[in-house]
Amino acid sequence: MRLSKLFGKTLRQTPSEAENVSHQLLLKAGMIHQLAAGIYSYLPLGWRALRKIENIIREEMNAIGGQELMMPVLQPLEMWEETERDLAFGKGLFTLSDRRDRKLILGPTHEEVMTQLVRRNVQSYRDLPLFLYQIQTKFRDEPRPRGGLLRVREFTMKDLYTFDADEEAMDVSYHKVIGAYQRIYECCGLPSMVVEADSGAIGGKDSHEFMVITESGEDQVIYCSKCDYSANVDKAESVKLPGEEEKPLPVEEIATPGIKTIEALTNFLGIPRKKTIKAVFYVADGEMVFVAIRGDLEVNEVKLKNALNCHELRLASDEEVAEAGLVAGSASLAGVTGVKSVADPSITLGVNLVAGANKPDTHLKNVNYPRDFEVDLMTDIAIAQAGEGCPRCGGELQSTRGIEVGHVFKLGTFFSERLGATYVDQSGVERPIYMGCYGIGTGRLLAAAIEQNHDEKGIIWPIPIAPYHVHLCPLSPDNEQVVSAAEKLYLQLEEQGLEVLFDDRIESPGVKLNDADLLGMPLRLILSPRTLSTGSVEIKERREKEATLVPWEEIEGRLKAILSL
RNA sequence: CGGGGCGUAGCGCAGUCUGGUAGCGCGCAGCGUUCGGGACGCUGAGGUCGGAGGUUCAAAUCCUCUCGCCCCGACCA
C-alpha cells in the first residue's frame with residue numbers, strides 16, 4: 001500500500017477527547033474515527049489489524065473443532081422474554097419496532113438465537129459435542145462508553161457456543177476453549193490472566209474472565225501472592241481476620257451527637273472501624289433492603305444482587321430511607337423489624353461492636369450477633385480487599401487492574417431447558433443439552449494490544465496483528481536512484497507475499513520517520529543516498545533501538561526470518 | 001442517574017469575565033528553496049462560533065431552554 005494513497009491521515013496533535021493511550025494512538029494514527037459516544041468507524045489501517053485479530057481467532061476456533069456461522073442482529077423481543085433476560089439486560093438492550101409494531105431488539109449476545117437454532121438441528125447424542133461460533137456485531141446500550149475502543153455500544157465479538165451431553169463433557173469443552181483463548185492472547189502480544197468471574201446477566205455457574213493486567217483497565221482483579229487463586233473483585237472471596245476474644249458485655253446506649261458516618265463514629269469513640277457495624281440501604285426490584293456489614297468493609301453490589309436474586313439494585317434515596325422509618329446515620333438491625341435484612345458474616349467475627357440505636361444521635365455499644373438481632377440472610381457480600389486472606393491457601397491477597405479481553409461461562413441447562421433444546425441419549429432418554437458460551441471482543445482486544453505494546457512515539461504492533469509487516473521508507477524523494485530503488489524493492493517484496501506500507505510521499509525525513517514510529521509496523525526499511533552508496537538497506541525493528549545495514553540481496557531473507565514467514 | 005469539564009476551521013487552542021460583527025499554531029492548496037528525526041519563505045482557501053429562543057442599535061460574548069462530547073462514580077457478559 002502506498003502511503004500517499006492511504007485513507008486516513010496521521011495527526012500531529014492528540015485529539016483532546018482521548019485520555020488513554022490506545023485511544024490517543026488510534027486517533028493520532030488515523031485508524032479509527034468516532035461517530036457518537038461509543039460508536040466508531042475503523043479506517044483502513046485499523047480495519048486491517050482488526051481483521052488479523054479475527055483471523056487468529058478463527059484459526060484457533062477451527063483448531064478445536066469450531067464451525068463458523070452467522071446469526072442475525074435483529075431478534076424478536078419475545079425470545080428474550082421467554083428467558084427473562086430482557087429484564088436482566090434492562091436498559092442495556094437496544095429495542096425497536098417494525099412496521100407492524102412488533103418489538104425487536106439489536107442483539108447484545110446470541111444465546112437465545114443459538115439455542116433455538118440448535119434445537120432444530122440436534123436430536124441425538126451422536127450430534128454432540130458441537131462447537132458453533134460467529135464473528136459479529138453486538139449492540140449494548142452501555143450507561144457509559146469510555147476509553148475509545150475499550151467500552152463501546154456497537155462492537156464486534158467472536159461468540160462461541162458449546163453443546164454437550166452432560167456436565168463432565170461440558171467441562172472438557174470449557175477447558176478446551178480456555179486453552180484456545182490463551183493461545184489467541186499470546187499471539188496478539190498480550191500476557192493474559194485467567195480469573196474467576198461473576199456470570200452476571202448471562203447466567204450459569206462457573207465463569208472465568210481473561211484479564212490483561214494494566215493500570216488503564218477498568219476491572220479490579222484480586223489475586224493471591226502464594227497460590228494461583230485470582231478473581232474479578234465482583235466475585236472475589238476473602239478471609240477476614242476475627243476480632244479479639246472478649247467477653248460479651250450487656251448492650252449499652254451511648255450519646256453520639258451529630259455522628260452519622262463510620263469515620264466520625266470511630267474518631268469520636270476512639271475505636272477501630274472493625275469494631276463497628278455499618279448499615280447500608282438498598283432498593284432491590286422495588287423492595288427496601290437493610291444491609292449490615294462490618295465498618296471496615298464495603299458492600300459488593302454484585303454479590304448482593306446475586307444473593308437477593310434481583311434484576312435491579314440501587315442505593316435507596318434519603319426519602320425512601322426516611323419513609324421506611326429508618327434513621328440514616330444511626331440505624332442498626334438491633335431493634336428494627338419489618339425490613340428485609342442481609343448481613344455479611346464479618347459482623348459475626350467481632351464481639352461487642354458499636355451499631356446504631358435507631359434514634360438520632362445515639363448508638364449502641366456491645367452489640368453481639370445473634371444475641372441482639374437476627375437477619376433474613378447471612379452471606380458474603382463484602383468487597384475483597386488487598387491484604388485480606390486468600391480463601392484457598394490463607395496467603396495474602398493482592399489487587400491490580402485489568403482489561404477484560406474475554407469471558408467464558410458454563411451455562412449448564414439454563415437455556416436448553418427454557419427453550420427446549422434436548423437430545424436423546426444412548427438409552428433413548430431425552431435430556432437437556434449442556435451449554436457453554438465464550439466471548440472475545442475484537443475491538444477491545446485491539447485496544448488492549450496497543451495499551452500493552454507502545455512507546456512514547458507510537459504503536460508497536462505485535463507481528464501477527466500488524467496492519468502491514470514492513471514500513472518502507474525512502475528518504476530523499478528527489479534522488480532518482482533512491483526513488484527507483486524503493487519502487488523496485490516495494491514491488492519485489494509484495495511479490496514475495498510481504499505486506500508493505502510504502503511511504504512514497506514527498507515529505508521531509510523527520511515527518512516520515514515520526515509517522516513510521518507512530519503507525520508502528522514491526523519492521524522499518526530505510527533507503528537513502530547513504531544506504532545506497534554501500535549497496536544496502538537499513539532495517540530496524542520497531543521494538544528495538546538499533547538499526548542494521550543489510551546488503552541488498554539479503555533483505556528478503558532477513559525480513560522473512562524476523563517475521564517467521 | 002449523581003458529580004466535574006468542554007463545544008469557536010480537519011487537529012490543538014485564544015477571544016466570553018468587561019457585547020462593537022472572529023483570530024493564532026499545525027494541517028490543506030499553489031510557487032520556490034530544503035531533505036537522516038515533525039524545515040523555510042511568499043501567496044491562498046477554509047468557520048451560520050453545537051442548536052433554538054430571548055435581551056440589545058449591535059451577541060461567540062448576557063439570559064432561558066436544548067443537543068452533543070469527555071472524565072470520575074453508579075451501572076455494565
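Since this is a predicted model, take the numbers as computed values, not measurements. Order of the sequence lines sets the chain letters (A, B, ...), proteins ahead of strands, with each chain counted from 1.
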> Residues from residues 511-531 of chain A sitting under 4.0 Å of RNA chain B, heavy atoms only?
Replying inline: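 Contacting residues: A/Val511, A/Leu513, A/Asn514, A/Asp515, A/Asp517, A/Arg524, A/Ile526, A/Ser528, A/Arg530, A/Thr531.
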
Specify the separation, in whole Å, of atom [atom1] of [X] and atom [atom2] of [N].
X	N	atom1	atom2	value
A/Phe409	B/rC76	CZ	P	13 Å
A/Leu313	B/rC1	CG	C1'	15 Å
A/Leu93	B/rC76	CG	P	13 Å
A/Glu17	B/rG12	CD	P	7 Å
A/Asp503	B/rG37	CG	P	15 Å
A/Glu546	B/rG36	CD	P	19 Å
A/Ile506	B/rC35	CD1	C1'	12 Å
A/Glu218	B/rA74	CD	P	11 Å

Counting Watson-Crick and G-U wobble pairs only, both distances under 3.5 Å, name the nucleotide matched with [N], or none.
N	answer
B/rA58	none
B/rU16	none
B/rC6	B/rG68
B/rG36	none
B/rG27	none
B/rC1	B/rG73
B/rC49	none

Using OP1 and OP2 only, check whether a side-chain N or O of [X] sits under 4.0 Å from [N].
X	N	value
A/Arg144	B/rC72	yes
A/Arg146	B/rG73	yes
A/Lys540	B/rG37	no
A/Ser16	B/rG12	yes
A/Gln34	B/rG68	no

Identify the pairs formed between an N or O of the protein and an N or O of nucleotides 25-29 of chain B at a distance under 3.5 Å, and give each distance.
residue, atom, partner, partner atom, Å
B/rG25, N2, A/Gln13, OE1, 3.0
B/rG27, OP1, A/Arg12, NH1, 3.4
B/rG27, OP1, A/Arg12, NH2, 3.2

> So among A/Asp198, A/Asp344, A/Asp380, A/Asp234, which one has a salt bridge (Lys or Arg N to Asp or Glu O under 4.0 Å) with A/Lys303?
Replying inline: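 When A/Asp198, A/Asp344, A/Asp380, A/Asp234 are each tested with A/Lys303, the salt bridge (Lys or Arg N to Asp or Glu O under 4.0 Å) holds only for A/Asp380.
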
> Do A/Asp478 and B/rC35 share a donor-acceptor pair, side chain to base, under 3.5 Å?
Replying inline: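 Counting by modelled atom types and ignoring angles, a donor-acceptor contact under 3.5 Å is found here.
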
> Under 3.5 Å, is there an N or O donor on one side and an acceptor on the other linking the side chain of A/Arg151 and the base of B/rC76?
Replying inline: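 Donor-acceptor pair under 3.5 Å: yes.
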
> Hey, mind stepping through A/Glu451 and A/Thr214 against side-chain hydrogen bond (donor to acceptor under 3.5 Å, both in side chains) and telling me if it holds?
Replying inline: CA-CA 8 Å; A/Glu451 293 283 340; A/Thr214 161; 4.6 Å; no

> Can you name the one residue among A/Glu507, A/Arg524, A/His471 that meets side-chain contact (heavy atoms from CB on, under 4.5 Å) with A/Lys512?
Replying inline: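 So the option named by the test is A/Glu507.
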
When you compare [N] with [M], how far apart are their [atom1] atoms, in angstrom units rounded to a whole number?
N	M	atom1	answer
B/rC28	B/rC71	P	29 Å
B/rU8	B/rG46	C1'	14 Å
B/rG5	B/rC24	C1'	24 Å
B/rC26	B/rU21	P	26 Å
B/rG12	B/rC6	C1'	14 Å
B/rG3	B/rC40	C1'	49 Å

How would you label the contact of [X] with the nucleic acid (heavy atoms, under 4.0 Å): base, sugar-phosphate, or nothing?
X	answer
A/Thr14	sugar-phosphate
A/Ala36	sugar-phosphate
A/Gly30	nothing

> What do you reckon, is CD of A/Glu84 surrounded by more than 12 foreign heavy atoms closer than 6.0 Å?
Replying inline: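 Not more than 12 within 6.0 Å, no.
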
Salt-bridge present ([X], [Y]; N to O < 4.0 Å):
X	Y	answer
A/Glu111	A/Arg85	yes
A/Arg418	A/Glu112	no
A/Asp141	A/Lys91	no

>> Under a 3.5 Å threshold, yes or no: a donor from one side chain and an acceptor from the other, between A/Asn20 and A/Ser216?
In response: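 There is no such pair between these side chains.
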
>> Just so I know, are the side chains of A/Leu25 and A/Leu518 near enough to count as touching, which here means a heavy-atom distance under 4.5 Å?
In response: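 Yes, at least one pair of side-chain atoms sits under 4.5 Å.
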
>> Working to the nearest 0.5 angstrom, can you tell me the gap between A/Tyr282 OH and A/Cys310 SG?
In response: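 Going from OH on A/Tyr282 over to SG on A/Cys310, the span is 11.0 Å.
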
>> Please evaluate residues A/Tyr174 and A/His208 with respect to the criterion side-chain hydrogen bond (donor to acceptor under 3.5 Å, both in side chains), reporting the C-alpha separation (whole Å), side-chain torsions for both, the decisive distance (0.1 Å), and the verdict.
In response: CA-CA 10 Å; A/Tyr174 192 75; A/His208 290 87; 2.7 Å; yes

> Would you call the rings of A/Tyr40 and A/His23 parallel, tilted or perpendicular, where under 30° means parallel and over 60° means perpendicular?
Replying inline: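 Judged by the thresholds at 30° and 60°, the geometry between A/Tyr40 and A/His23 is perpendicular.
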
